[in-house]
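Structure, as structure tokens:
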Amino acid sequence: MALLNILHFPDPRLHKVAKPVQAVDARIKQLVSDMAQTMYDAPGIGLAATQVDVHERVIVIDLSDEQNELRVLINPEIVWASDEIQTYEEGCLSVPGVYDEVKRASEIKVQFLDQNGAAQTIEADGLLSVCIQHEIDHLNGKVFVERLSSLKQSRIRTKIAKQKREQATAVS
Ligand code: QAP
Ligand code: CO
């Protein structure tokens, strides 16, 4: 068990495109376990391997309050998305303190491998649908703030740079 270091926007490594997992072996199971622990510790509801600088297509999600409903999605593929759109206020462990509304498909159908390497298909709506789409974006090198207007993005970059300066001052 290990806590992994989470990359923060605008780290260029968040723009790497993750590669498909070839085999759900002991190494991937260890990665899943470490990612789950890192997400629970934060705490967060979703984490993609990209965020811990591992560029393989692995996602962990747990929407439960009790942190006892872990979902593992390996090589996820959205095979259907509704025309209907929903707006949700998103956040991200890689962009702490920033929340904003993002529009995405309301419902999706997703194929993936679970932590045992078994093929699964689920239909998701509501927060689960938002979370899966947000995490698949990470695997494709995209952070949710990059779905906001360029004005909002530039304000977020300024805010993060200021937070960083204040942190640097606090420890010196
Ligand atoms: C992605 O995000 C998500 O700013 C998961 O200070 C979020 O777990 C999908 C977090 C919302 C759908 C809707 C963010 C923790 C956690 C912060 C997270 C923070 C501390 C974000
Ligand atoms: Co995120």
Side-chain angles (χ1 to χ4, degrees), residues 3-18 31-78 81-82 84-110 112 122-149 152-168 170:
L3 286 181
L4 306 171
N5 181 47
I6 299 176
L7 300 178
H8 287 142
F9 181 81
D11 193 306
R13 291 171 288 181
L14 289 170
H15 293 138
K16 288 192 180 184
V17 177
L31 173 64
V32 164
S33 162
D34 292 345
M35 283 174 62
Q37 200 196 349
T38 304
M39 173 179 72
Y40 288 139
D41 180 74
I45 57 169
L47 186 71
T50 307
Q51 294 176 272
V52 294
D53 203 20
V54 175
H55 303 282
E56 299 185 65
R57 304 187 80 82
V58 177
I59 291 170
V60 293
I61 292 175
D62 191 334
L63 305 181
S64 73
D65 290 332
E66 298 80 17
Q67 301 191 328
N68 60 1
E69 290 172 30
L70 182 67
R71 293 170 184 271
V72 178
L73 286 77
I74 298 168
N75 298 344
E77 295 283 352
I78 296 175
S82 65
E84 196 190 316
I85 300 296
Q86 66 177 335
T87 306
Y88 205 97
E89 182 165 80
E90 299 187 15
C92 181
L93 288 171
S94 292
V95 201
V98 173
Y99 302 87
D100 214 328
E101 288 187 342
V102 180
K103 288 185 169 67
R104 300 183 189 272
S106 299
E107 285 180 59
I108 53 171
K109 193 170 168 183
V110 192
F112 58 94
I122 57 167
E123 279 181 46
D125 61 9
L127 179 56
L128 181 59
S129 169
V130 175
C131 202
I132 293 171
Q133 292 176 73
H134 175 118
E135 303 309 336
I136 291 177
D137 267 0
H138 276 302
L139 300 181
N140 293 332
K142 194 153 182 146
V143 180
F144 86 99
V145 299
E146 291 159 347
R147 293 195 174 273
L148 305 175
S149 69
K152 281 186 173 176
Q153 286 188 45
S154 108
R155 284 178 181 159
I156 290 165
R157 283 172 195 274
T158 305
K159 179 180 170 170
I160 289 169
K162 184 164 176 270
Q163 282 173 352
K164 239 180 152 176
R165 274 202 307 279
E166 285 168 358
Q167 270 169 21

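Just so you know, residue 1 is the first one in the sequence shown, and it goes up from there. Just so we're clear, the structure is a prediction, and the values are computed from it rather than from any experiment. Just follow the structure's listing: the first ligand is 1, and inside any ligand the first atom is 1.
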(Q) I'd like to know whether ligand 1 has Leu127 as a neighbour, heavy-atom separation below 4.0 Å. (A)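 The answer is yes: ligand 1 sits under 4.0 Å from a heavy atom of Leu127.
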Q | Met39, portion touching ligand 1 at heavy-atom distance under 4.0 Å | A |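 Neither; no heavy atom under 4.0 Å.
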**Q.** For ligand 1, the portion of Ala42 having any non-hydrogen atom under 4.0 Å away
**A.**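 Near ligand 1, Ala42 shows nothing, with every heavy atom at 4.0 Å or more.
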Counting each atom of ligand 1 from 1 as listed, which ones have a heavy atom of [X] under 4.0 Å away?
| X | answer |
| --- | --- |
| Glu135 | 1 (C), 5 (C) |
| Pro43 | 15 (C) |
| Glu90 | 11 (C) |
| Gly44 | 8 (O) |
| Gly46 | 5 (C), 8 (O) |

**Q.** Any side-chain heavy-atom pair of Met39 and Leu70 under 4.5 Å
**A.**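 A side-chain contact under 4.5 Å exists here.
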Q. Under 4.5 Å between any side-chain heavy atoms of Leu128 and Arg71, yes or no?
A.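 Counting from C-beta outward, Leu128 and Arg71 do come under 4.5 Å.
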Q: Using a strict 4.0 Å threshold on nitrogen-to-oxygen distance, state whether Asp137 and Arg104 make a salt bridge.
A: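 Looking at Arg104 together with Asp137, the answer is yes, because their closest N to O distance falls below 4.0 Å.
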Q. Looking at Arg147 and Glu90, does any basic side-chain N land under 4.0 Å from a carboxylate oxygen?
A.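 Not counted as a salt bridge, because no side-chain N and carboxylate O are separated by less than 4.0 Å.
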Q: Go through the side-chain N and O atoms of Glu101 and Thr87 and say whether any donor and acceptor fall under 3.5 Å apart.
A: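 There is no such pair between these side chains.
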Q. Does a donor on one side chain and an acceptor on the other come within less than 3.5 Å for Gln133 and Ser129?
A.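 Side chains of Gln133 and Ser129: pair found under 3.5 Å.
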Can you report which non-hydrogen protein atom sits closest to [atom], along with the distance?
| atom | answer |
| --- | --- |
| atom 12 (C) of ligand 1 | Val130 CG1, 3.5 Å |
| atom 6 (O) of ligand 1 | Gly97 N, 3.4 Å |
| atom 8 (O) of ligand 1 | Ile45 N, 2.8 Å |
| atom 17 (C) of ligand 1 | Tyr99 OH, 3.0 Å |
| atom 15 (C) of ligand 1 | Leu93 CD2, 3.4 Å |
| atom 3 (C) of ligand 1 | Gly91 O, 3.7 Å |

Can you tell me how far the [atom1] atom of [X] sits from the [atom2] atom of [Y], to the nearest 0.5 Å?
| X | Y | atom1 | atom2 | result |
| --- | --- | --- | --- | --- |
| Ile156 | Leu148 | CD1 | CG | 5.0 Å |
| His138 | His15 | NE2 | NE2 | 10.5 Å |
| Ile6 | Thr50 | CD1 | OG1 | 12.5 Å |

